[in-house]
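Inspection log for the structure reproduced underneath, given as structure tokens.
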Amino acid sequence: MTTTMELTRFRVSPEHAGQLLAARPKMIADFEADRAGFLSGRLVRLAGDEWLDIVEWRSPEDFAASRAKGANLPGIKAFFDLIDELVSMEEGTVS
């Protein structure tokens with residue numbers, strides 16, 4: 001089985017870090033309810049104001065379908081709204 005990994009690096013101002021962490025469970029719940037092929041998500045705090053979101057998808061097609069939906073639910077939108085800057089976004093596969 002091949003899964004797709006989404007690696008998104010972003011910046012959040014220090015005063016919003018607590019809000020980001022508080023918004024995360026609702027974002028994950030919305031993904032579980034609305035995104036076919038969502039397998040897991042991990043949020044890593046990096047140096048400075050940067051974060052790395054590691055999301056595992058069942059397939060590249062599931063990931064693409066999720067991206068097309070964007071911030072369509074309140075929990076997802078609340079999390080995304082706290083992001084100040086997108087640093088990078090990559091997609092890879094795990095076999």
Side-chain angles (χ1 to χ4, degrees):
M1 179 171 130
T2 300
T3 57
T4 296
M5 302 301 291
E6 170 190 0
L7 306 167
T8 306
R9 191 171 178 146
F10 58 89
R11 288 191 178 95
V12 173
S13 60
E15 62 269 14
H16 293 135
Q19 291 173 319
L20 183 81
L21 292 172
R24 182 67 173 188
K26 292 177 184 155
M27 185 200 92
I28 295 294
D30 280 355
F31 267 45
E32 290 172 338
D34 185 60
R35 308 292 167 110
F38 172 76
L39 300 176
S40 68
R42 298 188 72 177
L43 187 61
V44 181
R45 185 179 229 162
L46 303 172
D49 304 332
E50 290 193 6
W51 298 78
L52 177 64
D53 199 0
I54 304 167
V55 181
E56 186 175 11
W57 298 95
R58 181 179 51 209
S59 71
E61 295 79 17
D62 290 328
F63 174 46
S66 175
R67 287 182 70 187
K69 287 185 174 188
N72 66 323
L73 295 176
I76 298 168
K77 183 176 182 338
F79 184 85
F80 286 0
D81 284 350
L82 292 164
I83 296 172
D84 294 319
E85 178 186 353
L86 180 64
V87 175
S88 65
M89 185 175 205
E90 297 181 74
E91 177 183 350
T93 57
V94 178
S95 299

* To do: May I ask whether Ile83 and Phe31 are part of the same hydrophobic cluster, defined by side-chain heavy atoms of I, L, V, M, F, W, Y residues being less than 4.5 angstrom apart, directly or through others?
  => yes
* Asked: Going by heavy atoms in the side chains, are Val87 and Arg11 under 4.5 Å from each other?
  -> yes
Only distances under 3.5 Å count here; give the side-chain donor-acceptor pairs of residues 34-48 to other protein atoms, sequence neighbours excluded, each with its distance to 0.1 Å.
unit_1 : atom_1 : unit_2 : atom_2 : d
Asp34  : OD1    : Lys69  : NZ     : 3.3
Asp34  : OD2    : Lys69  : NZ     : 3.4
Asp34  : OD2    : Asn72  : ND2    : 2.9
Arg35  : NH1    : Ser66  : O      : 2.9
Arg35  : NH1    : Ser66  : OG     : 2.6
Arg35  : NH2    : Gly70  : O      : 2.6
Arg35  : NH2    : Asn72  : OD1    : 2.6
Ser40  : OG     : Glu56  : OE1    : 3.3

* Any side-chain heavy-atom pair from Glu85 and Arg9 closer than 4.5 angstrom? -> no
* To do: Find out whether Asp53 and Arg24 are in side-chain contact, i.e. whether some heavy atom of one side chain is under 4.5 Å from a heavy atom of the other.
  => yes
* Any link between Leu52 and Phe63 through a network of hydrophobic side chains (Ile, Leu, Val, Met, Phe, Trp, Tyr) touching at under 4.5 Å? -> no
* To do: Walk me through it: do Met5 and Ile54 pass the test side chain to side chain contact (heavy atoms under 4.5 Å, CB included)?
  => CA-CA 7 Å; Met5 302 301 291; Ile54 304 167; 3.5 Å; yes
Going by atom type alone, with no hydrogens or angles, which donor-acceptor pairs under 3.5 Å involve a side-chain atom of residues 14-23 and a protein atom two or more places apart or on another chain?
unit_1 : atom_1 : unit_2 : atom_2 : d
Glu15  : OE2    : Ser13  : OG     : 3.3
His16  : ND1    : Ser13  : OG     : 2.8

* **Close side-chain approach of Asp49 and Val12, heavy atoms under 4.5 Å** => no
* Structure fact -> One should read off an interatomic distance between Thr8 OG1 and Met89 CE, to the nearest 0.5 angstrom, of 4.0 Å
* Are Val55 and Leu73 connected in the hydrophobic side-chain network, where two residues link if heavy atoms are under 4.5 Å apart? -> yes
* Heavy-atom closest pair, residues Asp30 and Ile76 -> OD2-N, 3.3 Å
* **Non-hydrogen side-chain atoms of Met27 and Phe80 separated by less than 4.5 Å** => yes
* Taking side chain as C-beta onward, heavy atoms only, is Pro60 less than 4.5 Å from Glu91? -> yes
* **Side-chain touch Trp57/Glu6, heavy atoms, less than 4.5 angstrom** => yes
